[in-house]
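These figures come from a predicted structure and were not determined experimentally. In what follows, every heavy atom counts, from backbone to side chain, and hydrogens, waters and symmetry copies are set aside.
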Amino acid sequence: MGFIDDAKDAAETAGRKIKEGFEDTVDRVSDKIDEAKADAAVKKAEAERDSVHKRNEIKEEIRGDH
């Protein structure tokens with residue numbers, strides 16, 4: 001029975017390592033998705049800021065505020 005017990009332990013260890021590896025991969029992918037979402041939010045905010053600045057410049061020109 002020693003051989004069967006050793007094989008069983010090895011299989012359990014391999015299964016645990018595979019599960020941990022999968023969980024690590026899921027965490028990494030999730031982190032990359034979060035980074036991409038944050039980058040997109042920053043780009044959107046910057047574009048909105050630039051749009052507001054440009055709109056205000058145009059309004060100043062129309063009013064003759066220069």
Q: Could you list who else is in Val42's hydrophobic cluster, with ILVMFWY side chains joined at under 4.5 Å, directly or through other members?
A: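 Grouped by the 4.5 Å side-chain rule, Val42 forms a cluster of one, so the answer is none.
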Q) Taking the hydrophobic residues Ile, Leu, Val, Met, Phe, Trp and Tyr, and joining any pair whose side-chain heavy atoms are under 4.5 Å apart, which ones share a cluster with Val52? A) none
Let me have the donor-acceptor pairs involving side chains of residues 13-30, under 3.5 Å, with sequence neighbours excluded, atom names and distances please.
residue, atom, partner, partner atom, Å
Thr13, OG1, Asp9, O, 2.9
Thr25, OG1, Gly21, O, 3.0

Q) Which residues satisfy the salt bridge (Lys or Arg N to Asp or Glu O under 4.0 Å) test with Arg55, sequence neighbours excluded? A)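 With sequence neighbours excluded, Arg55 shows a salt bridge (Lys or Arg N to Asp or Glu O under 4.0 Å) to no residue whatsoever.
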Q.
With salt bridge (Lys or Arg N to Asp or Glu O under 4.0 Å) as the rule and sequence neighbours excluded, what pairs involving residues 40-52 come up?
A. none
